[in-house]
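In what follows, a structure is listed as structure tokens, so that the remarks can point back to it.
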2 protein chains.
Amino acid sequence: MTERRSSDRTRAAILRAARERFAAHGYERTTIRAVAADAEIDPSMVMRYFGSKEQLFDAALAVDLRLPDLRAVPAGELPATLLRHFVERWEGDPADDTLLVLLRSAVTNEQAAARMREVFATQVAPALAAALGPERAARTAGLVSSQLLGLALTRYLLRLPAVTALAADDLVAGLTPALAVTLAG
Amino acid sequence: MTERRSSDRTRAAILRAARERFAAHGYERTTIRAVAADAEIDPSMVMRYFGSKEQLFDAALAVDLRLPDLRAVPAGELPATLLRHFVERWEGDPADDTLLVLLRSAVTNEQAAARMREVFATQVAPALAAALGPERAARTAGLVSSQLLGLALTRYLLRLPAVTALAADDLVAGLTPALAVTLAG
DNA sequence: ATTGTTGGCCAACGGCTGTTGACATCAGAG
DNA sequence: CTCTGATGTCAACAGCCGTTGGCCAACAAT
């Protein structure tokens, strides 16, 4: 079953190169030619493996937030836990830039924006509903996402000095009270 | 001195059309040809008036947040005042899309990102420093911007249903406590 | 030995882009 | 009337883009 060695390897190489480019420059500015060059193959190979630039993009948009089961954490620990997980997810593995791909692209690309809403609906909203109960979660999830995505925007995309200047721990500590108030309703 | 009538009018028409396009589609996806068509002139006129696409973009990025003098508002009213001004500035005049241009472009365009940092440094940071004092403002300004830009991101760019579903008043009320805690330090 | 499949390269097409320069029009100054 | 400068049009250039189709080498199966 694992006979097709070369095929899998180049497919993975293309996807890795594509993620890097999409993460760094967004959808429009990454070219098939550049991705192919990074992966050290011919541009037409990208077409063969993924069909089109759009489908390659779609493959690069696969995101798993890896949210823990929030019912397991005590209510008082919820805000800090969320923030720590969020920052860890963004800064933990510098080679993993799937989150960057999604957020950067979603701002100018409707396809990515739709995927973002989907991630919210299938991962964020359910996780919060499990912790807060469905009625409060519906209203709170939006406010929480707003605060967390604001952090990602200013720190990892815009790189506002006032936000990048803070150490990760300091940032978590600084935002925890605000998130706590929001979660408390 | 105000002899050059036609020139001023078409220059303004170009800028208005450019702002609409940049706001809706970002830098890369707006073409000089489309802007010219909207302004009902020849593409080469855009070049004559603004020199290049980049310079046209630069002109479209001019932003004034119109922040009020925050020393005039009582400390308890500060968070709600900031939020109301922010939402009003974004939703008040639907024809004014300069904020949308700046934020949408800043995510994929370094030129716009630099402008965003400049707006932060010259408008946001000083206004908060006036209200909070310079020592607390330095640390707080980043956290506040993170929360406010998170709102703009989720509501006006990504259009997350959970955020767009809320009425403006409801949104302000929902986020005021969080902002208050952050501002209190 | 022949056939078919797989993984790959190469060259090209058609389309769109920013940008340029030559030409047209026309009002006002000499 | 003539000249000049501003305002605008037209057509084209050169470059990059996504995408396509044909060709090639290696290798497994017949």
Side-chain angles (χ1 to χ4, degrees), chain A residues 1-61 101 104-105 108-112 115, chain B residues 1-61 101 104-105 108-112 115:
Chain A
M1 293 298 172
T2 58
E3 310 271 328
R4 302 171 270 151
R5 284 284 166 93
S6 176
S7 136
D8 288 359
R9 246 187 297 126
T10 65
R11 188 186 166 90
I14 294 172
L15 198 54
R16 186 170 354 111
R19 283 220 170 92
E20 266 182 44
R21 291 271 168 183
F22 284 140
H25 307 113
Y27 181 79
E28 340 285 341
R29 302 185 57 145
T30 82
T31 71
I32 299 270
R33 281 169 164 88
V35 169
D38 289 356
E40 295 179 322
I41 42 118
D42 192 86
S44 64
M45 282 288 96
V46 179
M47 291 293 130
R48 247 226 266 276
Y49 276 89
F50 290 91
S52 72
K53 183 182 179 182
E54 233 179 85
Q55 289 172 266
L56 171 63
F57 186 52
D58 202 67
L61 283 182
V101 173
R104 173 156 279 146
S105 310
T108 43
N109 186 290
E110 183 51 34
Q111 183 183 352
R115 182 65 73 95
Chain B
M1 292 301 167
T2 57
E3 312 269 328
R4 300 172 270 150
R5 283 286 166 91
S6 176
S7 136
D8 288 359
R9 246 186 298 127
T10 64
R11 188 186 167 89
I14 293 173
L15 198 53
R16 185 169 356 109
R19 283 220 170 92
E20 266 182 45
R21 291 271 169 182
F22 284 139
H25 307 113
Y27 181 78
E28 342 284 343
R29 301 186 57 142
T30 81
T31 70
I32 298 270
R33 281 170 165 87
V35 169
D38 289 356
E40 293 180 325
I41 44 119
D42 192 88
S44 65
M45 282 288 96
V46 179
M47 291 291 132
R48 242 222 264 281
Y49 276 88
F50 289 91
S52 71
K53 183 182 178 181
E54 234 179 86
Q55 289 173 266
L56 170 63
F57 186 51
D58 200 69
L61 284 181
V101 174
R104 173 157 279 147
S105 311
T108 42
N109 186 291
E110 183 50 36
Q111 183 184 353
R115 182 65 74 94

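Per chain, numbering begins at 1; letters A, B, ... match sequence-line order. Since the structure is predicted, the reported quantities are computational estimates derived from the model, not experimental observations.
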- Message: List the residues meeting ring pair (Phe, Tyr, Trp, His ring centres under 6.0 Å) with B:F57, not counting sequence neighbours, and say none if there are none.
- Response: B:F22, B:Y27
- Could you give the angle between the helix axes at the two ends of the helix from C:dA1-D:dT30 to C:dG30-D:dC1, with five pairs per end, rounded to 10 degrees? 30°
- Rounded to the nearest 0.5 Å, how far does CZ of B:R29 lie from CZ of B:R104? 10.5 Å
- Message: For A:A60, is there any backbone N or O sitting under 3.5 Å from a side-chain donor or acceptor partner on A:R19?
- Response: yes
- Length of the CE-P vector between B:M47 and D:dC10, whole Å: 18 Å
- Message: When you compare the side chain of B:T108 with that of A:E28, does any pair of heavy atoms fall below 4.5 Å?
- Response: no
- Note on the structure: Between CG of B:D8 and P of D:dG8 the distance, given in whole Å, is 11 Å
- Query: Hey, what do you get for NE2 (B:H25) to CD (A:E110), rounding to the nearest 0.5 Å?
  - Reply: 10.5 Å
- Closest to the B:T31 side chain: D:dT19, C:dT17, D:dC17? C:dT17
- Item | Min side-chain heavy-atom separation A:V101-A:S105 under 4.5 Å | yes
- Item | B:F50 CZ - C:dG18 P separation (whole Å) | 15 Å
- Query: Which parts of residues 33-43 of chain A get close to DNA chain C, meaning a heavy atom less than 4.0 angstrom away?
  - Reply: A:R33, A:I41, A:D42
- State which residues pass ring pair (Phe, Tyr, Trp, His ring centres under 6.0 Å) with B:F50; sequence neighbours excluded, sorted by chain then number. none
Pair up each side-chain donor or acceptor in residues 35-49 of chain B with any protein partner under 3.5 Å, not counting sequence neighbours, and list the distances.
from  : atom 1 : to    : atom 2 : distance (Å)
B:D38 : OD1    : B:R21 : NH2    : 3.3
B:D38 : OD2    : B:R21 : NE     : 2.9
B:D38 : OD2    : B:R21 : NH2    : 3.3
B:D42 : OD2    : B:S44 : N      : 2.9
B:D42 : OD2    : B:S44 : OG     : 2.7
B:Y49 : OH     : B:T10 : OG1    : 3.0

- Return the value, rounded to whole Å, for the distance between atom NZ of A:K53 and atom P of D:dT19. 8 Å
- Mind calculating the distance between CD1 (B:I14) and P (D:dT9) to the nearest angstrom? 10 Å
- Item | Rounded distance in Å - CD (B:E28) to C1' (D:dC17) | 14 Å
- Hey, does A:K53 have a side-chain heavy atom less than 4.5 Å from the side chain of A:T30? yes
- Task: Find the distance A:R9:CZ to C:dG8:C1' and express it as a whole number of Å.
- Result: 13 Å
- Task: Find which nucleotide of DNA chain C each of A:M45 and B:S52 is nearest to by heavy atoms, and output the residue with the more 5' nucleotide.
- Result: A:M45
- Query: For the atom pair CG (A:D58) and CZ (A:R115), what is the distance rounded to the nearest 0.5 Å?
  - Reply: 4.5 Å
- Whole-Å distance, B:Y27 OH to C:dT17 C1', equals 11 Å
Got a list of protein N/O to nucleotides 23-26 of chain C N/O distances below 3.5 Å?
none

- Message: Taking CD in A:Q111 as the centre, count heavy atoms belonging to other residues, nucleotides or ligands within less than 6.0 Å. Is the count above 12?
- Response: yes
- Query: Which nucleotide sits closest to the side chain of A:Y49: D:dT7, C:dG18, C:dG8?
  - Reply: C:dG8
- Query: Would you say a side-chain N or O of A:S44 is under 4.0 Å from OP1 or OP2 of D:dT20?
  - Reply: no
